[in-house]
Amino acid sequence: MSHYKTSKEFSYTRTLPFIEIMDCTLRDGEQTSGVSFLPHEKLMIARKLLHEVNVDRIEVASAGVSKGDEDAVSMICRYAKTIGKEDKVEVLGFVDGQKSVDWICSCGGKVINLLAKGSEKHCRQQLNKSMDEHLEDILEVVRYAEEKQMSINLYLEDWSNGMQDSPEYIYGLMDCLTKTSIKRFMLPDTLGILNPLQVIEFMRKMQRRYSGTHFDFHAHNDYDLAVSNSLAAVLSGCKGLHVTVNGLGERCGNAPLSSVQAILKDHFQAKTNICEDRLNEISRLVEGYSGIAIAPNQPVIGENVFTQVAGVHADGDNKAGLYYNALVPERFGRKREYALGKNSGKANIERNLEELGLELTPEQTHKVTQRIIELGDRKEIVTQEDLPYIVSDVLKHDTPEDSVKLISYVVSTAYGLKPGANIHVEINGQQYEAGATGDGQYDAFVKALRWIYKKYLGRTFPILANYSVSIPPGGRTDALVQTIITWQNGDKIIRTRGLDADQTYAAIKATFKMLNIFEKEYQSSLEKTE
């Protein structure tokens, strides 16, 4: 039975040393069920991780898995060489003689992360070998990698179970392998079985026995403890952590990059090289390529995490920033928002009206607040872009005149042909027509619109950042469809909603809401420059 130390014995220096961050999204993250990145997608993620997010290392594939991975690793290695970071690109290799080393070398790789067995159970039952036999096989690969002038790191697969069930097996391997050129020993909680107290116990045993050795910790999230375990490893002297973007990974995933970074910095003042203001961008890129949506309440990167819902919170923010903490949205390239719904209260409404430049009397604000509460009771979603229309309706004003109007449109699709769209629109009193094809009916529609803006107006409009379709809460599949589109215009985010029985027309409605907001802002900027 283990006897865990008291909290007093867990004392640690308030400021931690530099912590090395290795991102495994392109290797371990790709083991998420249903996720498979194309070679060019891997390259784009790798470029962003190395050049913008500034992680210390990236693990990009497993040796010999597929031709697609071979192409991806080759492209990433070529890119890394142009920015002087070829030694930051790592590939998982196996104890298979010369095979993995040759594969990595053929792709231009300089670093092998050699996967060895870290528990006696795995060694005997999966390999049918003794520790000495497995050790000799490992040394054979190490010697060959050295001949090829490769840098070598070593995974002890199933290390967590090994420390519980067969620590002498691990020590037997380590006593020999620490005398080789292996640079880092990477300790995985392969099955996600550990808790933070166990991580501290096992990591300190490794540190005491092999003082001065560089250890990485690789967490899995089966018990929702990947982040906690990673921090426990750091507090016990671990020098490197493995993470993935959005916590992707096998089964329940790995430790999320964004959460690990925020907690390391804010709670332990640890130093890393991570550029925090790029974390939201890389999260959205991986979300798009992987098809795995980020939960709205995911810390740091979720859509809702910087959204205040309760009116009392907005009131406190207005008066003294009472509901702020160290996780300010601007730090991560985001902004604070104030939700509109039945819990909003006057303060939330006022913050949104202020951002839109709408000035109302207290009585008018009260009426608008009551209308939004009514809509919230019916489970209707209200966005900031809906506010001008709600204000007009409540105060019995004329509906704001649209600068951009849809006169008519035709969309078509046919087997074996690309979907097409022909549109007729009016922009600031002038009418235009255009046609285009696209990957879908809505894509064709937007391409036709963009062509009009570029050819006749010499302008572009915001980039589509996210597109979601749902049945409105409480609705039926044969009734209305709700489309919410997020647009990126420079640093500004615009979110518009369309509701219709037809999905394409719901998206078109949302698009024209955005165009009218965009046009109003554009005309306003022209007036200011004159």
Does the side chain of [X] come under 3.5 Å of the side chain of [Y] through a donor N or O and an acceptor N or O?
{"X": "N54", "Y": "N273", "value": "no"}
{"X": "Q261", "Y": "T272", "value": "yes"}
{"X": "H218", "Y": "D28", "value": "yes"}
{"X": "E433", "Y": "N422", "value": "no"}
{"X": "H424", "Y": "Q431", "value": "yes"}

Full working for salt bridge (Lys or Arg N to Asp or Glu O under 4.0 Å) between D439 and K418: CA-CA 7 Å; D439 294 328; K418 294 195 78 172; 3.6 Å; yes
If only atom types and distance count, is the side chain of [X] paired as donor or acceptor with the main-chain N or O of [Y] below 3.5 Å?
{"X": "K513", "Y": "R497", "answer": "yes"}
{"X": "S228", "Y": "L225", "answer": "no"}
{"X": "T511", "Y": "A507", "answer": "yes"}
{"X": "R450", "Y": "F461", "answer": "yes"}
{"X": "D189", "Y": "A219", "answer": "no"}
{"X": "K42", "Y": "L26", "answer": "yes"}
{"X": "Q488", "Y": "G490", "answer": "yes"}
{"X": "N254", "Y": "T244", "answer": "no"}
{"X": "S525", "Y": "Y522", "answer": "yes"}
{"X": "Q269", "Y": "D266", "answer": "yes"}

Residues E276, R331; criterion salt bridge (Lys or Arg N to Asp or Glu O under 4.0 Å); working and verdict: CA-CA 7 Å; E276 292 184 335; R331 172 177 161 189; 2.6 Å; yes
Nearest heavy-atom neighbours spanning [X] and [Y]:
{"X": "A262", "Y": "L327", "result": "CB-CD2, 3.9 Å"}
{"X": "S412", "Y": "Q441", "result": "C-NE2, 3.9 Å"}
{"X": "I104", "Y": "V111", "result": "CG2-O, 4.1 Å"}
{"X": "S62", "Y": "D69", "result": "O-OD2, 4.3 Å"}

Candidate pair S36 and E30, rule side chain to side chain contact (heavy atoms under 4.5 Å, CB included), full reasoning: CA-CA 6 Å; S36 179; E30 199 179 29; 3.9 Å; yes
Proximity of H242 and F217 rings by center, below 6.0 Å: no
Ring centroid separation W487 to F518 under 6.0 Å: no
Trace of the side chain to side chain contact (heavy atoms under 4.5 Å, CB included) decision for Y442 with L464: CA-CA 12 Å; Y442 178 67; L464 191 150; 3.8 Å; yes
Verdict with reasoning, D222 to R251, per salt bridge (Lys or Arg N to Asp or Glu O under 4.0 Å): CA-CA 7 Å; D222 295 69; R251 302 184 312 280; 2.7 Å; yes
More than 12 heavy atoms of other groups within 6.0 Å of K509 NZ: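 Counting other residues, nucleotides and ligands, NZ of K509 exceeds 12 neighbours.
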Atom OH of Y467: over 12 foreign heavy atoms under 6.0 Å: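 Result for OH/Y467: enclosed.
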N-O pairing of R284 and E287 below 4.0 Å: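 Yes, R284 and E287 are salt-bridged.
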Pairing of E303 and R495 as salt bridge, 4.0 angstrom limit: yes
ring-ring contact (aromatic ring centres under 6.0 Å, His included) evaluation trace for F37 with Y289: CA-CA 7 Å; F37 298 116; Y289 285 159; 7.0 Å; no
Test side chain to side chain donor-acceptor pair (under 3.5 Å) applied to H220 and N229, step by step: CA-CA 9 Å; H220 278 267; N229 286 343; over 6 Å; no
Option passing side chain to side chain donor-acceptor pair (under 3.5 Å) with N246 (candidates S290, S258, S283): S283
Check against side chain to side chain contact (heavy atoms under 4.5 Å, CB included), N428 and E519: CA-CA 9 Å; N428 296 322; E519 197 62 35; 2.9 Å; yes
Trace of the side chain to side chain contact (heavy atoms under 4.5 Å, CB included) decision for Q430 with Y432: CA-CA 7 Å; Q430 294 292 318; Y432 307 96; 3.3 Å; yes
